[in-house]
K.L.:
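Quick one: the structure is below, questions incoming.
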Amino acid sequence: MADMPNKPLPPLHPGTKQPVGPADLEPIFPMELIKQEVSAEQYIEIPEQVQDIYKLWRPTPLVRAYGLEKALDTPAKIYYKYEGVSPAGSHKPNTAVAQAYYNKAQGVKRITTETGAGQWGTALSFACAQFGLECEIYMVKISYNQKPYRKIMMNTFGAEVFASPSDRTNAGRAILAQDPSSSGSLGIAISEAVERAVADEHTKYSLGSVLNHVLMHQTIIGQEAIKQMEYAGDFPDIVIAPLGGGSNFAGISFPFLQHKLLGKRDVRCIAVEPASCPKLTKGVFMYDFGDTAGYTPLLPMFTLGHNFRPASIHAGGLRYHGASVICSQLLKDGLIEAVALQQLECFKAGITFSKTEGIIPAPEATHAIAQVIREAELAKKEGKAKTILFNLCGHGFVDMQAYSDYLEGKLSDHHLTESELTANLAELNPLQPK
Ligand SMILES: Cc1ncc(COP(=O)(O)O)c(C=O)c1O
């Protein structure tokens, strides 16, 4: 944010349409994280205790994908940063550990959160275990029933996991009264987790993406990658990452983008989203709620509308209706790029990567790989050497059902109609400031 030519617009209180202040956020977040959310500093020191925990898996490897380069017969050099070596198997613990640290430092006893398929919940469970914090997780019911292994991972790290909607909150009970067989949604799970945090002074809420402080915690990925590429005597022409809320994309790309913003070096940063949830490429830039229930402040972002229901593609972590405020502003200003890809192309790329590099990527990460392959093939066609870096943000070892469905031919692409795309946008008009 310190280096952006146009700073992001402020989040607004939905009632007053005035910028939210620290006091509005205090019931749910610890003060240090609220300060980070609005900080204009270029750098914020990583606390020593957090660095000590990072040492369990950081620095993560930067790998030259020789096997993939060879298979594609491309003049492009391809590097990837592998975040799958973390305790949760993805980039998510980078912020989970930092958030748990600041909560503990403020005397918080319990953290609540929501999780979809379980990546974020796993990361936060691990982080809470490090600091002796209780962890209460609302997991979207359909995933809770269909994906038991992530739940067991969370339980193993000591968290309590509840299928959402649950009967533990007003939000959950209201949904169940309307529809006893509701399979839940991220929006409902967020409402339950926030409600629990607001109701108890010793409990706070934690979010795994979208917010500025979350993106900032993830920039350790790019900071390390810069150093590692220096050792290799290289600097990327293109940085690629998948985008759900924006945290792993920001994490790897922002430290490189800083070079561009400060006029030191040009670099293209490409965010890859699923064609079934294309907020960056087909959404609108407007104020919208971060959750379905409308509990959060209004955020200025590219969005498909908070009531947009993405098709149930297998990359669960990319099925979010909006994009982080910072990523949205950068895209609006033409400083980053975005593409939307279909899931069959992504799984095909994931299989190519598995065979050539030996790591089965998370379905989210396959989106980056598919775009890397497009760029490498273009380099070959144009006869141009270029250096590509991408974030292998997680492994897919707990996503075998997705691969099984792909290999058995059960997956399909999803083409949104114009009316599906615009159906949830009209209700955003009254939310805009006058
Ligand atoms: C492996 C993986 N990659 C990417 C994402 C997308 O989130 P973000 O855009 O915050 O990185 C998720 C979210 O759950 C995830 O689990």
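In each ligand, atom 1 is the first atom listed, and ligand 1 is the first ligand listed. Residue numbers run from 1 in the order of the sequence given.
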K.L.:
Salt bridge (Lys or Arg N to Asp or Glu O under 4.0 Å) with K260: which residues, sequence neighbours excluded?
P.N.:
D266
K.L.:
Does the ring centre of F256 sit less than 6.0 Å away from the ring centre of F235?
P.N.:
yes
K.L.:
Which donor-acceptor pairs under 3.5 Å do the side chains of residues 276-286 make with protein atoms, sequence neighbours left out?
P.N.:
from	atom 1	to	atom 2	distance (Å)
K279	NZ	G244	O	2.7
K279	NZ	Y320	O	2.7
T281	OG1	E273	OE2	2.6

K.L.:
Among all residues two or more places apart in sequence or in another chain, which pass the side-chain hydrogen bond (donor to acceptor under 3.5 Å, both in side chains) test with K386?
P.N.:
E375
K.L.:
Can you tell if the side chain of L124 reaches within under 4.5 Å of the side chain of I111, non-hydrogen atoms only?
P.N.:
yes
K.L.:
Taking the six-membered ring for Trp, are Y80 and Y82 parallel (under 30°), tilted (30 to 60°) or perpendicular (over 60°)?
P.N.:
perpendicular
K.L.:
Would you mind writing out a table of all protein N or O atoms found under 3.5 Å from any N or O atom of ligand 1, naming both atoms and giving the distance to 0.1 Å?
P.N.:
from	atom 1	to	atom 2	distance (Å)
ligand 1	7 (O)	K92	NZ	3.4
ligand 1	9 (O)	G244	N	2.7
ligand 1	9 (O)	G245	N	2.9
ligand 1	9 (O)	G246	N	2.8
ligand 1	9 (O)	S247	N	3.4
ligand 1	10 (O)	K92	NZ	3.4
ligand 1	10 (O)	S209	OG	2.4
ligand 1	10 (O)	S247	N	3.1
ligand 1	10 (O)	S247	OG	2.7
ligand 1	11 (O)	H91	NE2	2.9
ligand 1	11 (O)	S247	OG	3.3
ligand 1	11 (O)	N248	N	2.9
ligand 1	11 (O)	N248	ND2	2.8

